[in-house]
2 protein chains.
Amino acid sequence: MLKTKVDVDQAAVILKLLGDRTRLTMVKLLENHDCCVCEFVEIFDMSQPSVSQHLKKLKQVGIVKEKRKGSWVFYSLNKESEFTIFIERLLDEIPNQDDKLEALEKNGKRITCC
Amino acid sequence: MLKTKVDVDQAAVILKLLGDRTRLTMVKLLENHDCCVCEFVEIFDMSQPSVSQHLKKLKQVGIVKEKRKGSWVFYSLNKESEFTIFIERLLDEIPNQDDKLEALEKNGKRITCC
DNA sequence: TGCTTATATAAGTGTTCGCTTATATAATGG
DNA sequence: CCATTATATAAGCGAACACTTATATAAGCA
C-alpha cells in the first residue's frame with residue numbers, strides 16, 4: 001500500500017532539517033539542478049566544511065543523494081525516498097531560487113565545476 | 001496582489017518551528033479543534049511551563065492565536081496569517097492526531113477544561 | 001478577603017546546532 | 001611520485017533550544 005502521509009515524528013525530523021535557510025535553499029535548488037559542493041560554497045559564501053556538513057545531514061535522512069564525477073561530488077534530490085512527495089509538495093510553496101545559479105553562470109563559476 | 005508563495009527565509013522560520021514533534025502535533029490538533037493549555041499538558045505529559053513556552057513561540061510568529069475564556073486560555077490556528085495557506089498545505093501531508101483528544105475525552109479530562 | 005485553579009514568566013541547565021580552523025581522504029595531472 | 005584541487009571529517013566554541021523548578025499573574029469562588 002502506498003503511504004500517502006508521513007508520520008508526525010518523521011515529518012518533524014524533515015521539517016527541522018528544512019527549517020534552516022541554507023539547507024532549504026539548497027534543497028530548492030536541487031529540485032531543478034544537480035549541484036556540486038563548490039557551487040554551494042560560492043552561492044552561500046560559506047566555508048566548504050560548513051556546506052559539506054549541511055549536505056551530510058540532508059543525506060543522512062535520505063533527502064539528497066550524491067554521485068561522484070571525477071574530483072567533484074554532485075548532489076541531487078533523492079526521488080525514491082519515502083519523504084519525496086512530502087518534500088516536493090513543500091518545495092512547491094516556496095519561490096524558485098535558480099537566480100542564484102544564474103549568477104554563478106555569469107561569473108563563469110558554474111562551468112569551472114561542471 | 002495575493003502572495004501565493006512564502007519567502008524562503010520566512011519559510012525556514014516556520015519550518016524550524018514546526019520541526020519539533022510537540023509543536024507539530026499541537027498545530028495539527030489545532031487544525032480541527034481549539035485547545036487550552038491544560039489539555040496539551042495532559043496530551044504531551046509535559047510540564048505546564050513547557051507547553052506555555054511552545055505556544056508562545058507559535059504565537060509570536062502568528063501561527064496560532066489565543067482567546068481567554070474564564071480562567072482558561074484557548075488556542076486556535078490563526079487563519080489570517082500570511083503563512084496560513086503554507087501551513088495548511090503542510091498539515092495536509094501529516095496524519096490526523098485527534099485520537100489524542102479522544103483519549104482525553106474518555107478520561108473525562110477534556111470536559112473539565114471546557 | 002483569602003484560597004484554589006489556570007496560565008505566564010523567570011532563571012538555570014544540559015544538549016543540540018551551525019559555524020570555525022585544522023587535518024584527512026580522494027581524484028587529477030604533471 | 002608529487003602537487004594541486006575537491007571534498008570529508010574532527011575538534012572546539014558560542015548561541016540557541018527544550019526542558020526543569022520557582023515564582024508571578026489572573027480569574028473564579030467561598
Side-chain angles (χ1 to χ4, degrees), chain A residues 8-9 12-27 30 34-61 63-76 104 108-114, chain B residues 8-9 12-27 29-30 34-61 63-76 104 107-114:
Chain A
V8 184
D9 285 359
V13 170
I14 301 295
L15 296 180
K16 185 174 192 176
L17 275 173
L18 297 184
D20 174 272
R21 188 197 127 77
T22 303
R23 286 192 296 265
L24 184 59
T25 309
M26 280 177 168
V27 172
L30 293 177
D34 293 4
C35 295
C36 68
V37 178
C38 61
E39 289 175 314
F40 285 135
V41 170
E42 281 291 330
I43 288 171
F44 297 111
D45 191 27
M46 187 177 274
S47 75
Q48 172 269 313
S50 191
V51 167
S52 279
Q53 284 156 9
H54 280 303
L55 289 167
K56 185 179 185 180
K57 290 185 178 186
L58 293 173
K59 197 178 65 172
Q60 276 173 336
V61 299
I63 296 177
V64 307
K65 57 184 182 181
E66 63 179 28
K67 182 161 62 177
R68 182 172 277 275
K69 285 189 185 174
S71 46
W72 296 290
V73 176
F74 282 78
Y75 283 84
S76 58
L104 272 199
K109 302 216 169 151
R110 183 104 209 266
I111 309 151
T112 54
C113 271
C114 313
Chain B
V8 184
D9 285 359
V13 170
I14 301 295
L15 296 180
K16 185 174 193 176
L17 275 174
L18 298 184
D20 174 272
R21 187 197 128 78
T22 303
R23 285 191 297 267
L24 184 58
T25 308
M26 280 176 168
V27 171
L29 282 168
L30 293 176
D34 293 4
C35 295
C36 67
V37 178
C38 61
E39 288 175 316
F40 285 136
V41 170
E42 279 293 329
I43 288 172
F44 297 111
D45 191 26
M46 184 177 277
S47 73
Q48 172 269 314
S50 191
V51 168
S52 279
Q53 285 156 10
H54 280 302
L55 288 167
K56 185 178 185 180
K57 290 187 178 185
L58 293 172
K59 196 179 66 173
Q60 276 173 337
V61 300
I63 296 177
V64 306
K65 58 184 180 180
E66 62 179 28
K67 181 161 63 176
R68 183 173 275 276
K69 285 187 185 174
S71 47
W72 296 290
V73 176
F74 282 80
Y75 284 83
S76 58
L104 273 199
N107 297 342
K109 302 217 171 151
R110 184 104 209 267
I111 309 151
T112 54
C113 271
C114 312

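Throughout, a chain's letter reflects where its sequence line sits, starting with A, and its residues are numbered from 1.
Distance CZ (Phe40(B)) to P (dT7(C)): 11 Å, rounded to an integer number of Å. Going from atom CG of Leu55(A) over to atom P of dA6(D) covers 16 Å, rounded to whole Å. Rounded to a whole Å, the NZ atom of Lys69(B) is 16 Å from the C1' atom of dT7(C). Spacing between atom NZ of Lys56(B) and atom C1' of dA18(D) amounts to 14 Å, rounded to whole angstrom units. Atom CG in Leu17(A) sits roughly 15 Å away from atom C1' in dC17(D) (whole-Å rounding). Taking atom NZ of Lys59(A) as the reference point, atom C1' of dT7(D) lies 11 Å away to the nearest angstrom.
Within the 4.0 angstrom heavy-atom criterion, only backbone atoms of the sugar-phosphate kind lie near Tyr75(A); the bases stay farther away.
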Heavy-atom contacts, protein to nucleotides 12-22 of chain C, under 4.0 Å, summarised as B (base), S (sugar-phosphate only) or - (none) per nt, yield -----SSBBBB
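For the atom pair CZ (Phe40(B)) and CE (Met26(B)), the distance works out to 5.0 Å, reported to the nearest 0.5 Å. Here Cys35(A) contributes atom SG and Trp72(A) contributes atom CH2; the two are 14.5 Å apart, rounded to the nearest 0.5 Å. Between Ile43(B) atom CD1 and Leu104(B) atom CG the span is 4.5 Å, to the nearest 0.5 Å. Note that the CG atom of Leu55(A) and the CG atom of Leu30(A) stand 7.5 Å from one another [nearest 0.5 Å]. Between Lys67(B) atom NZ and Asp34(B) atom CG the span is 6.5 Å, to the nearest 0.5 Å.
Contact of the Val37(A) side chain with the Phe74(A) side chain is not registered, since no non-hydrogen atoms from C-beta on lie closer than 4.5 Å.
The phosphate of dA6(D) has neither OP1 nor OP2 within less than 4.0 Å of any side-chain N or O from Ser71(A).
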